[in-house]
K.L.:
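Next up is a structure, given as structure tokens.
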Amino acid sequence: MALSYTNLFLRVGKGVYLLNLVNEFAGQGGGLTFAYIATDVNLRWKTFVTQYDGDTAEVRAAIGGSTDQLAAWQQALTAPPNWVAGALQQTVITMINDYFPLTAKTIAAALTQLIVQMKADSKTVKANVATISPAAGGGNVGNGKLICSLVDGNGLQMEYVYAEILPLTFTNTATAGAEQASIAGTVAAPGLLATNWPLGSGSTTRITSLDAANSGTNKISNGALETFTVANTPDGFAIDVGAAGTDVFSEASIVYKGAKALKILGDGATAVALSQSITPSTLKPLTPYAIHFWGRISTAPAAGVLTVDLYDGSSVINDEAGTANAFTVDLTTLGTSYVAKNGVFRLPDPLPAVIQLRLRTTTALSTGKSVYLDQLTLQEMTRLYVGGPYVALASGKINWINEDLWNITVTNTYAGQLQTAFWRLFNMPQLGLILASKTDASENILDSNIA
């Protein structure tokens, strides 16, 4: 039996419309606006229930007791959302099981199989589009950086995030280079089906800033680039292309923090490369890691690109979504003062047997020009809540003090009505699942099912 996307999503759509209509009648829309014309609940109830006409008794059992439910709804508008969610959960389980017998008739197993099949059949829904933007407080003393990501450990764009401003405030700065901060989200609605959903995440999280010299947390050995036991070769690194004392140097004058920095001198031809092997057992698969450093140039070069990547001995390592763990810095625009540069890497499952962090001038630096790198960190990022953004703090030259502040602004269009409906109905973030989606209006399972 072939899965009928039409029947499945039409039933979900009719049920969601009914749920939204009840919320509208209750006089609350939360942060979502529904362009519905006031319609008699009895009529919408009938429209939803008749979608099951002619199907098997097992499928129709999902809406068993619907007449009694309608009577209950007429007494209290708090009952319909939970009943609709339960009916649709049973609908999805039953319809998926009819197509692909499940080992366990659970909503998690059914939705997992639905997503697998949607990908196989190139079926997509409209995406929610989210953004994240960190901004440092104007009165901050500390000058480190906050790195944020809306890409999960599988390499997928997050669509189940709350639109809110999350203040990050430093509250314990007794340990220099390991200052602690708290992050608080906007108050949450009582539940996913509440009439005032969505409000905020309601999350409370603590994170610790990372100094490059912290060998216990920094995944990069000698990340502060302070130690050069062999002349002009930073400890923990191999010079794969180029030569110590010709292309690669220990720098003691033009440093960002501490006594030393790494200097790469351009000759217009050599694609200088350094690497450090990282023990795979110290890393986790499907987990975002923030890579951060400070860099500057001597004077503006005509050419030069620095690439930072993860390498398995034969190629750049991709995450689960096939995205390369690599980012570039255009050295022609880097500037002559130290600035922060960062990216986010995600390792696949299983982990590669070989993992190397590489620093390479993939476009050779112009002759006589130098790039300086300092305070290199690689750290596991912290998730603010289930399904929420990832963040990490990197220390700067000046330590944080209590009451230093960042504001993390998260936006979400909530424009994917089916995507949002599955979030609310089935708590998709808790299951670690997301429907395949499109942002370019080319989706082929339409939000017009909600009508």
Side-chain angles (χ1 to χ4, degrees), residues 212 218-256 260-280 283 289 291-319 323-336 338-339 341-343 345 347 352-378:
N218 191 359
K219 303 300 181 181
I220 303 300
S221 174
N222 189 31
L225 297 167
E226 291 289 290
T227 308
F228 291 74
T229 303
V230 177
N232 295 312
T233 302
D235 285 14
F237 289 84
I239 301 175
D240 302 318
V241 179
T246 301
D247 307 289
V248 180
F249 299 85
S250 170
E251 173 61 40
S253 298
I254 303 176
V255 301
Y256 175 72
K260 298 284 183 65
L262 172 67
K263 171 184 170 182
I264 298 174
L265 177 63
D267 63 5
T270 304
V272 179
L274 296 91
S275 65
Q276 179 174 133
S277 293
I278 304 173
T279 303
L283 302 173
Y289 286 86
I291 177 80
H292 179 274
F293 63 90
W294 299 83
R296 58 158 288 182
I297 206 76
S298 54
T299 57
V305 173
L306 176 72
T307 297
V308 183
D309 63 29
L310 294 181
Y311 185 67
D312 66 5
S314 60
S315 61
V316 175
I317 300 170
N318 290 341
D319 66 16
T323 302
N325 283 300
F327 70 94
T328 61
V329 178
D330 183 351
L331 300 181
T332 68
T333 62
L334 182 59
T336 56
Y338 274 104
V339 294
K341 295 293 178 181
N342 52 67
F345 293 154
L347 289 161
V354 173
I355 301 175
Q356 295 179 342
L357 176 75
R358 299 192 300 178
L359 307 171
R360 303 180 293 146
T361 53
T362 46
T363 296
L365 186 59
S366 300
T367 301
K369 308 296 183 179
S370 298
V371 60
Y372 304 91
L373 307 177
D374 204 354
Q375 304 299 303
L376 178 65
T377 59
L378 180 69

K.L.:
So, do F228 and F249 sit near enough that their side-chain heavy atoms are less than 4.5 Å apart?
P.N.:
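The answer is no; the side chains never approach within 4.5 Å.
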K.L.:
To check you understand the geometry: which heavy-atom pair defines the closest contact between T363 and A303, and what is its length?
P.N.:
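T363 and A303 have their closest heavy atoms at CG2-CB, 4.4 Å.
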K.L.:
Do you know which of T229, L376, T227 makes side-chain contact (heavy atoms from CB on, under 4.5 Å) with N222?
P.N.:
T227
K.L.:
Are the side chain of Q276 and the backbone of I220 linked by a donor-acceptor contact shorter than 3.5 Å?
P.N.:
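No, Q276 side chain to I220 backbone: no donor-acceptor pair under 3.5 Å.
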K.L.:
Are F327 and I291 side-chain neighbours, meaning at least one heavy-atom pair lies under 4.5 Å?
P.N.:
yes
K.L.:
How many angstroms lie between OG in S370 and CG in L262, if you round to the nearest 0.5 Å?
P.N.:
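The distance works out to 10.5 Å.
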K.L.:
What's the verdict on side-chain contact (heavy atoms from CB on, under 4.5 Å) for L378 and I278, showing C-alpha distance, side-chain angles and the deciding distance?
P.N.:
CA-CA 11 Å; L378 180 69; I278 304 173; 3.8 Å; yes
K.L.:
Can you give me the closest heavy-atom contact between P234 and L225, atom names plus distance?
P.N.:
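So the two residues come closest at CB-CD2, 4.1 Å.
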K.L.:
Check whether any side-chain heavy atom of Y256 lies under 4.5 Å from a side-chain heavy atom of Y372, and answer yes or no.
P.N.:
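With C-beta onward as the side chain, the pair stays apart.
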K.L.:
Using every non-hydrogen atom in the two residues, find where G313 and V354 come nearest and quote the distance to one decimal.
P.N.:
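Minimum heavy-atom separation between G313 and V354: N-CG1, 4.2 Å.
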K.L.:
Taking the side chain as every heavy atom from C-beta outward, state whether I297 and L365 have any atom pair closer than 4.5 Å.
P.N.:
yes
K.L.:
Are R360 and V241 packed together at the side-chain level, in the sense that at least one heavy-atom pair is separated by less than 4.5 angstrom?
P.N.:
no
K.L.:
Start with the C-alpha gap between R358 and V316, add the side-chain angles, then the distance that decides, and say whether side-chain contact (heavy atoms from CB on, under 4.5 Å) holds.
P.N.:
CA-CA 10 Å; R358 299 192 300 178; V316 175; 3.7 Å; yes
K.L.:
Side chains of L274 and I264: closer than 4.5 Å at any heavy-atom pair?
P.N.:
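A side-chain contact exists here, since the closest heavy-atom pair is under 4.5 Å.
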K.L.:
So which atom in L306 and which in F293 form the shortest heavy-atom distance, rounded to 0.1 Å?
P.N.:
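Smallest heavy-atom distance, with atoms named: CD2-CZ, 3.9 Å.
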K.L.:
To the nearest 0.5 Å, how far apart are CG in D374 and CD in E251?
P.N.:
10.0 Å
K.L.:
Quick check: closest heavy atoms across L334 and G295, and the distance to 0.1 Å?
P.N.:
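Shortest heavy-atom separation between L334 and G295 comes out as CD2-C, 3.9 Å.
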K.L.:
Just how far is it from atom CH2 of W294 to atom CG of N342, taken to the nearest 0.5 Å?
P.N.:
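Going from CH2 on W294 over to CG on N342, the span is 9.5 Å.
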K.L.:
For a quick test of reading the model, state the closest non-hydrogen atom pair linking T336 to R296 and the distance between them.
P.N.:
O-CZ, 2.9 Å
K.L.:
When you look at L357 and V308, which way does the side-chain contact (heavy atoms from CB on, under 4.5 Å) test go after all the steps?
P.N.:
CA-CA 7 Å; L357 176 75; V308 183; 4.0 Å; yes
K.L.:
Keeping N325 on the side-chain end and I317 on the backbone end, is there a donor-acceptor pair under 3.5 Å?
P.N.:
yes
K.L.:
Examine the side chains of T328 and D330 and answer whether a donor and an acceptor come within less than 3.5 Å of each other.
P.N.:
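Not at all, the side chains of T328 and D330 share no donor-acceptor pair under 3.5 Å.
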K.L.:
I'd like to know if the side chain of S250 reaches the main chain of N232, judged simply by a donor and an acceptor atom lying under 3.5 Å from each other, with no hydrogens or angles considered.
P.N.:
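No, S250 side chain to N232 backbone: no donor-acceptor pair under 3.5 Å.
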K.L.:
Enter the distance from I254:CD1 to S298:OG here, rounded to the nearest 0.5 Å.
P.N.:
7.5 Å
K.L.:
Has S366 got a side-chain atom pairing as donor or acceptor with A302's backbone, closer than 3.5 angstrom?
P.N.:
yes
K.L.:
Which value, rounded to the nearest 0.5 Å, describes the distance between D247 atom CG and T270 atom OG1?
P.N.:
5.0 Å
K.L.:
Which value, rounded to the nearest 0.5 Å, describes the distance between D309 atom CG and F345 atom CZ?
P.N.:
6.5 Å
K.L.:
Are the side chain of T377 and the backbone N or O of N218 linked by a donor-acceptor pair below 3.5 Å?
P.N.:
no
K.L.:
Let me see the working for V371 and K369 under side-chain contact (heavy atoms from CB on, under 4.5 Å), right down to the final yes or no.
P.N.:
CA-CA 7 Å; V371 60; K369 308 296 183 179; over 6 Å; no
